[in-house]
Colleague: 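Following this message is one structure expressed as structure tokens.
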Amino acid sequence: MLNSGGIMKDLKGIYSALVAPFDKEGNLIEEGLREIVKYNIEVNKVDGLYVNGSSGENFLIDTETKKRIFKITKEVAKDKINLIAQVGSLDLFEACELGKYATKLGYDSLSAVTPFYYPFSFEEIKEYYKTIIKETNNNMIIYYIPVLTGVKISMDEFSELLSDEKIIGVKYTAADFYQLERFRKRFPDTLIFSGFDEMLVQAGISGVDGAIGSTYNIQGSLAKEIFTLAKKGEVEKAYNLQHKANDVIEKILQLGLYQTIKEILKIKGLNAGYCKKPMRQFDENKLDELKKLVKDYNL
């Protein structure tokens with residue numbers, strides 16, 4: 001995105017896919033959100049936040065709540081870090097409305113998940129992105145996550161999408177590292193963010209420009225260290241830290257991804273709330289086990 005001086009802002013680096021706290025009735029805990037944003041900036045020291053993505057339980061919340069999350073996050077973050085607004089929705093009108101709102105707030109770029117559930121054609125997908133860009137006049141980062149959307153995009157199709165100068169990057173959440181290598185070689189000037197926390201080393205040495213992840217809400221500084229070492233070619237050191245990160249990730253996945261991240265933030269003193277139903281809540285019988293993990297890995 002161009003800043004006031006007309007220079008392209010550097011959006012590279014490590015971004016937390018921001019988690020959002022809800023009470024047991026599913027209402028946003030606004031003060032808790034402020035605490036989590038501040039924690040990411042001051043403790044995790046991430047380069048940016050990816051707001052209203054999967055980790056923020058975006059597809060379980062209404063339009064007005066999404067707007068409140070965008071607004072509060074911007075109020076706390078100001079211009080201290082980069083902010084990317086995920087506005088993708090099956091309702092294109094909502095996506096455009098959210099995109100306009102985030103753009104007005106001053107978000108550095110928009111992002112949108114590929115339209116999912118229905119078997120959309122590539123032409124329909126292309127029109128979806130084209131419409132959001134036209135309505136907002138903001139930059140776009142494609143959120144590519146085929147394991148959840150069922151949508152696969154070929155290199156030629158990516159080439160067609162990227163012919164629009166407003167599409168500046170891709171959040172690549174796929175385990176196909178051959179495609180990632182082909183993508184990096186074919187589009188050397190396109191921003192690529194890795195979306196798999198547990199494969200940050202592999203992504204780093206494959207040439208990505210940054211990473212966006214759920215667990216960076218609690219391991220952001222470690223992720224930054226891993227990524228820096230990988231980019232410098234210090235692979236053995238990076239892998240040793242990735243092993244540590246993955247020990248934590250493995251346990252979190254066993255206990256429930258978003259529930260456990262929130263519970264760890266609670267242990268750290270933040271009002272991280274609960275997950276929206278129908279997601280289950282954290283098993284309180286596992287709390288001592290989790291506290292040991294926090295202590296053992298200095299989370």
Colleague: Are Tyr178 and Leu180 linked, directly or through other ILVMFWY residues, by side chains that come within less than 4.5 angstrom of each other?
Modeller: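 No, separate clusters.
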
Colleague: Can you confirm whether Val201 sits close enough to Leu229 that some side-chain heavy atom of one is under 4.5 Å from a side-chain heavy atom of the other?
Modeller: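 Not touching, per the 4.5 Å side-chain cut-off.
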
Colleague: Return the minimal non-hydrogen interatomic distance between Leu257 and Ser214, and the atom names on each side.
Modeller: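 Closest approach of Leu257 to Ser214: CD2-OG, 4.3 Å.
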
Colleague: Flag yes if more than 12 heavy atoms outside Glu284 fall under 6.0 Å of its CD atom; otherwise flag no.
Modeller: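 Yes.
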
Colleague: Take Ile264 and Ile252 through the test side chain to side chain contact (heavy atoms under 4.5 Å, CB included) and record every step on the way to the result.
Modeller: CA-CA 10 Å; Ile264 290 172; Ile252 287 174; 4.1 Å; yes

Colleague: Where do Pro21 and Gly32 come nearest, in terms of heavy atoms and distance?
Modeller: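 Shortest heavy-atom contact: CG-C, 3.6 Å.
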
Colleague: May I ask you to say whether Lys74 pairs ionically with Asp79, meaning some side-chain N is under 4.0 Å from a carboxylate O?
Modeller: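 Looking at Lys74 and Asp79, the cut-off is met.
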
Colleague: Side-chain contact test, heavy atoms from C-beta onward, threshold under 4.5 Å: evaluate it for Gln86 versus Ile141 and give yes or no.
Modeller: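 No - every pair of side-chain heavy atoms lies 4.5 Å or more apart.
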
Colleague: Among Tyr50, Phe227, Phe193, whose ring pair (Phe, Tyr, Trp, His ring centres under 6.0 Å) with Tyr15 holds?
Modeller: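 Testing each of Tyr50, Phe227, Phe193 against Tyr15, the sole residue satisfying ring pair (Phe, Tyr, Trp, His ring centres under 6.0 Å) is Phe193.
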
Colleague: Does Thr65 use its side chain to pair, donor to acceptor, with the backbone of Ile61 at less than 3.5 Å?
Modeller: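 Checked: no pair found.
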
Colleague: Say whether, by atom type as modelled, one donor and one acceptor occur between the side chain of Thr228 and the main chain of Glu225 under 3.5 angstrom.
Modeller: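 No, the answer is negative, given that no donor and acceptor are paired below the 3.5 Å cut-off.
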
Colleague: With heavy-atom distances below 4.5 Å as the criterion, would you say the side chains of Ile125 and Pro115 are in contact?
Modeller: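 Heavy-atom side-chain distance check passes, below 4.5 Å.
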
Colleague: Ring centres of Phe158 and Phe183 under 6.0 Å apart?
Modeller: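 Yes, they do, as the ring centres are separated by less than 6.0 Å.
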
Colleague: How far apart are the closest heavy atoms of Phe187 and Arg184, and which atoms are they?
Modeller: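 Shortest heavy-atom contact: O-NH2, 2.8 Å.
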
Colleague: Checking the side chain of Glu35 only, and the main-chain atoms of Asn271 only, is there a donor and an acceptor separated by less than 3.5 Å?
Modeller: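 Between the backbone of Asn271 and the side chain of Glu35 there is a qualifying donor-acceptor contact (under 3.5 Å).
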
Colleague: With rounding to the nearest 0.5 angstrom, report the CD1 to CG distance, Ile41 to Asp47.
Modeller: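 It is 11.5 Å, given to the nearest 0.5 Å.
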
Colleague: To the nearest 0.5 angstrom, please state how far the CG atom of Asn52 sits from the CG atom of Leu98.
Modeller: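 Answer rounded to 0.5 Å: 7.5 Å.
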
Colleague: Kindly determine whether Glu289 and Lys292 satisfy salt bridge (Lys or Arg N to Asp or Glu O under 4.0 Å), including the steps that lead there.
Modeller: CA-CA 5 Å; Glu289 190 178 333; Lys292 184 177 186 301; over 6 Å; no

Colleague: Taking all atoms of both residues into account, what is the closest heavy-atom pair of Phe177 and Ser206, and its distance?
Modeller: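 Shortest heavy-atom separation between Phe177 and Ser206 comes out as CD2-OG, 3.7 Å.
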
Colleague: Between atom CD of Gln179 and atom CZ of Arg186, what is the distance when rounded to the nearest 0.5 Å?
Modeller: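 Between atom CD of Gln179 and atom CZ of Arg186 there are 11.0 Å.
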
Colleague: Could you tell me which non-hydrogen atom of Val46 sits nearest to which non-hydrogen atom of Lys224, and how far apart they are?
Modeller: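 What the structure gives for the nearest pair is CA-CD, 4.3 Å.
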
Colleague: Just wondering, do Leu200 and Gln242 contact through their side chains at under 4.5 Å, heavy atoms?
Modeller: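 When only atoms from C-beta onward are counted, Leu200 and Gln242 do touch, with a gap below 4.5 Å.
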
Colleague: Mark yes or no for whether Ser121, through its side chain, and Glu124, through its backbone, hold a donor-acceptor pair below 3.5 Å.
Modeller: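 Here the side-chain-to-backbone pair exists.
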
Colleague: Do Thr173 and Tyr143 get their side chains close enough for a donor-acceptor pair, meaning under 3.5 Å?
Modeller: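 Result is no, nothing qualifies.
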
Colleague: Pairing donors with acceptors under 3.5 angstrom, does anything connect the side chains of Asp156 and Ser159?
Modeller: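 No - no donor-acceptor pair under 3.5 Å links their side chains.
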
Colleague: Answer yes if the side chains of Asn217 and Asn40 hold a donor-acceptor pair under 3.5 Å, and no otherwise.
Modeller: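 Indeed, the side chains of Asn217 and Asn40 share at least one donor-acceptor pair under 3.5 Å.
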
Colleague: Roughly how far apart are Thr131 OG1 and Glu127 CD, rounded to 0.5 Å?
Modeller: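 Nearest 0.5 Å value for the OG1-CD distance: 4.0 Å.
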
Colleague: Working note: Asp197 + Tyr216, criterion side chain to side chain contact (heavy atoms under 4.5 Å, CB included); need CA distance, chi angles, decisive distance, verdict.
Modeller: CA-CA 8 Å; Asp197 308 19; Tyr216 305 157; 4.0 Å; yes

Colleague: Would you kindly say whether Asp23 and Tyr274 are connected by a side-chain donor-acceptor distance under 3.5 Å?
Modeller: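 There is no such pair (donor and acceptor under 3.5 Å, judged by atom type) between the side chains of Asp23 and Tyr274.
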
Colleague: Can a salt bridge be assigned to the pair Lys67 and Glu97 using a cut-off of 4.0 Å between side-chain N and carboxylate O?
Modeller: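 A salt bridge is present here (some side-chain N lies under 4.0 Å from a carboxylate O).
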
Colleague: Check the pair Leu18 / Leu33 against side chain to side chain contact (heavy atoms under 4.5 Å, CB included), numbers first and verdict last.
Modeller: CA-CA 9 Å; Leu18 186 66; Leu33 179 62; 3.9 Å; yes

Colleague: Between Glu263 and Lys266, is the closest basic N to carboxylate O distance under 4.0 Å?
Modeller: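 So Lys266 pairs with Glu263 through a salt bridge.
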
Colleague: Is there side-chain contact between Ile168 and Met140, with heavy atoms separated by less than 4.5 Å?
Modeller: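 In short, these two side chains do not touch, never coming nearer than 4.5 Å.
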
Colleague: Any donor and acceptor pair, going by atom type alone, linking the side chain of Gln219 with main-chain N or O of Leu299 inside 3.5 Å?
Modeller: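 Pair absent, no side-chain N/O of Gln219 close to backbone of Leu299.
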
Colleague: Are Phe70 and Tyr107 an aromatic pair by the rule of ring centers under 6.0 Å?
Modeller: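 Yes, they do, as the ring centres are separated by less than 6.0 Å.
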
Colleague: Step by step, would you call Lys171 with Val113 a side chain to side chain contact (heavy atoms under 4.5 Å, CB included)?
Modeller: CA-CA 9 Å; Lys171 181 188 176 190; Val113 68; over 6 Å; no

Colleague: Please say yes or no: joined through hydrophobic side-chain contacts below 4.5 Å, possibly via intermediate residues, are Leu49 and Ile29 part of one cluster?
Modeller: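 No; tracing contacts between hydrophobic side chains, which count when under 4.5 Å, never links both residues.
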
Colleague: Are side-chain heavy atoms of Phe282 and Leu290 found at a separation under 4.5 Å?
Modeller: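 Yes, close enough: below the 4.5 Å cut-off.
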
Colleague: Side chains of Leu105 and Glu75: closer than 4.5 Å at any heavy-atom pair?
Modeller: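 No - every pair of side-chain heavy atoms lies 4.5 Å or more apart.
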
Colleague: With salt bridge (Lys or Arg N to Asp or Glu O under 4.0 Å) as the test, pick out the partner of Glu57 among Lys276, Lys277, Lys262.
Modeller: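 When salt bridge (Lys or Arg N to Asp or Glu O under 4.0 Å) is applied between Glu57 and each of Lys276, Lys277, Lys262, only Lys262 qualifies.
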
Colleague: Are the aromatic rings of Phe116 and Phe59 close, with centres under 6.0 Å apart?
Modeller: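 Under 6.0 Å, so yes.
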
Colleague: With no hydrogens and no angle check, do the side chains of Asn139 and Ser109 hold a donor and an acceptor under 3.5 Å apart?
Modeller: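 Looking only at side-chain atoms, Ser109 and Asn139 do not form any donor-acceptor pair under 3.5 Å.
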
Colleague: Any donor-acceptor pair under 3.5 Å linking the side-chain atoms of Ser194 with those of Tyr172?
Modeller: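 Per modelled atom types, Tyr172 and Ser194 side chains form no pair under 3.5 Å.
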
Colleague: Verify whether one side chain among Glu94 and Thr63 offers a donor that lies under 3.5 Å from an acceptor in the other.
Modeller: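 A donor-acceptor contact under 3.5 Å links the two side chains.
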
Colleague: To the closest 0.5 Å, what do you measure between CG (Leu110) and CG (Leu83)?
Modeller: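 The CG atom of Leu83 is 11.5 Å from CG of Leu110, to the nearest 0.5 Å.
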
Colleague: Rounded to the nearest 0.5 Å, what separates atom CE in Met199 from atom CD1 in Ile205?
Modeller: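 Met199 CE to Ile205 CD1: 12.0 Å, rounded to 0.5 Å.
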
Colleague: Identify whether Tyr129 and Phe93 are in the same connected component of the hydrophobic contact network (ILVMFWY, side-chain heavy atoms under 4.5 Å).
Modeller: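 Tyr129 and Phe93: separate clusters.
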
Colleague: With distance as the sole test, does Glu135 use its side chain to make a donor-acceptor pair with the main-chain N or O of Lys100 at under 3.5 Å?
Modeller: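 Checking the backbone N and O of Lys100 against the side chain of Glu135, no donor-acceptor pair under 3.5 Å is found.
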
Colleague: Any side-chain heavy-atom pair from Leu161 and Phe122 closer than 4.5 angstrom?
Modeller: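 Yes, close enough: below the 4.5 Å cut-off.
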
